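Here is the structure we will look at.
In this text the structure is predicted, and so the values were computed from the model without any measurement. Chain naming here is simple, since letters A, B, ... match the order of the sequence lines and numbering starts at 1 in each.
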There are 2 protein chains.
Amino acid sequence: MACSLDVFGDRWTLLVVRDLVMGAERFKEFTASPEGIPTNVLADRLQRLQHHGVIEQVPAADGTRHPAYRLTAKGKALHPVLAAMRDWGLAWEKGTRAMLKPKRP
Amino acid sequence: MACSLDVFGDRWTLLVVRDLVMGAERFKEFTASPEGIPTNVLADRLQRLQHHGVIEQVPAADGTRHPAYRLTAKGKALHPVLAAMRDWGLAWEKGTRAMLKPKRP
DNA sequence: TATGCTAACTTGCGAATTGCAAGCATCGAG
DNA sequence: CTCGATGCTTGCAATTCGCAAGTTAGCATA
């Protein structure tokens, strides 16, 4: 538990992972999320997640030369955690909704 | 997701909830956990959890007049979240172990 | 009554982390 | 060769954190 929290026990990390699950791959896509993560925090979290082996940087996905980020197996294994948190929020916090379907399943 | 993180999206809150699930009820018991939460942070988190309806303060459990803290239904509903995080940690973070059985189930 | 002990907080303060804004650096399009 | 878009990095004020040191209250012993 405590070790897991060392990896993603803060306000932003799990939101980044959520965006990855939802299909985000590029820096701009994360900043476009409604919560509005500061760019310096995002850069830090991406580095940290990479360091923990939760995500990996792939050099060039499409035509551009900008990096893309993908979940590793370790990162994909976080899905149950996210699902549990989403379900709890939906059940107990009023006025919450969720986009249930990932863009790229 | 984001709303859930508003409630427990920080380093200490979920550790407090974990201790509650494990049977802790009193201030001293939380501070005794191996992670060593600072007392001011603990006081703040207990207040915040109470404010969010995750825990409740019961005036006197045993002979003493010190308060005890208990999970509400909302708090108990966090169990799947904790379980998912524990399982992920055990599966992917090396050298982790867990005390699987709560003292008071 | 004085003295000590423990539990449960609160306060103070230096250090680290955050959020916001602005500033680079690179690339392809025009 | 300028322009806009993208992907970061830097600076700085403000919040939060962690540690240590009080403070308060209820027994307890003498």
Exercise. Do B:Trp88 side-chain atoms and A:Lys74 backbone N/O form a donor-acceptor pair below 3.5 Å?
Worked result: yes
Selected nucleotide, minimal atom distance to [X] side chain, candidates [options]:
| X | options | answer |
| --- | --- | --- |
| B:Tyr69 | C:dC9, C:dG19, D:dG18 | C:dC9 |
| A:Pro38 | C:dG19, D:dT6, C:dA8 | C:dG19 |
| B:Phe27 | D:dG18, D:dC8, C:dC9 | C:dC9 |
| B:Pro67 | D:dC8, C:dC9, D:dT6 | C:dC9 |

Exercise. Does the side chain of A:Arg26 get closer than 4.0 angstrom to OP1 or OP2 of D:dG7 through an N or O atom?
Worked result: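 Yes, such a contact exists.
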Exercise. Is the phosphate of D:dG18, meaning OP1 or OP2, less than 4.0 Å from a side-chain N or O of B:Trp12?
Worked result: yes
Problem set entry | Euclidean distance, B:Leu14 CG relative to B:Arg86 CZ, rounded to 0.5 Å |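 Rounded to the nearest 0.5 Å, the CZ-CG separation comes to 13.5 Å.
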Which atom pairs, one a donor and one an acceptor, fall under 3.5 Å between side chains of residues 49-59 of chain B and the rest of the protein, sequence neighbours left out?
from	atom 1	to	atom 2	distance (Å)
B:Gln57	NE2	B:Tyr69	OH	3.0

Roughly, in whole Å, what's the span from [atom1] in [X] to [atom2] in [N]?
| X | N | atom1 | atom2 | result |
| --- | --- | --- | --- | --- |
| A:Asp10 | D:dT16 | CG | C1' | 13 Å |
| B:Glu25 | C:dA8 | CD | C1' | 15 Å |
| A:Ile37 | C:dT18 | CD1 | P | 10 Å |
| A:Gln57 | D:dT6 | CD | P | 17 Å |
| B:Arg11 | D:dG18 | CZ | P | 8 Å |
| A:Phe30 | D:dT6 | CZ | C1' | 14 Å |

Less than 3.5 Å apart, which donor and acceptor atoms pair up between the side chains of residues 32-45 of chain A and the rest of the protein, not counting sequence neighbours?
from	atom 1	to	atom 2	distance (Å)
A:Ser33	OG	A:Asp19	OD1	3.2
A:Ser33	OG	A:Asp19	OD2	2.6
A:Glu35	OE1	A:Arg18	NH2	2.9
A:Glu35	OE2	A:Arg18	NH1	3.2
A:Asp44	OD2	A:Arg48	NH2	3.1
A:Arg45	NE	A:Asp10	OD2	3.0
A:Arg45	NH2	A:Asp10	OD2	3.3

Problem set entry | Pairs meeting criterion ring pair (Phe, Tyr, Trp, His ring centres under 6.0 Å) with involvement of residues 11-47 of chain B, two or more places apart | none
Problem set entry | Exercise: identify the closest heavy-atom pair between A:Glu29 and A:Gly23 |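 So the two residues come closest at OE1-O, 4.3 Å.
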For this session: State which residues pass side chain to side chain donor-acceptor pair (under 3.5 Å) with B:Asp87; sequence neighbours excluded, sorted by chain then number.
Result: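 B:Asp87 satisfies side chain to side chain donor-acceptor pair (under 3.5 Å) with no other residue.
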Exercise. Is there a residue in residues 39-49 of chain B whose heavy atoms reach under 4.0 Å of DNA chain D, and which residues are they?
Worked result: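 When residues 39-49 of chain B is checked for heavy atoms under 4.0 Å from DNA chain D, the hits, listed by number, are B:Asn40, B:Val41, B:Arg45.
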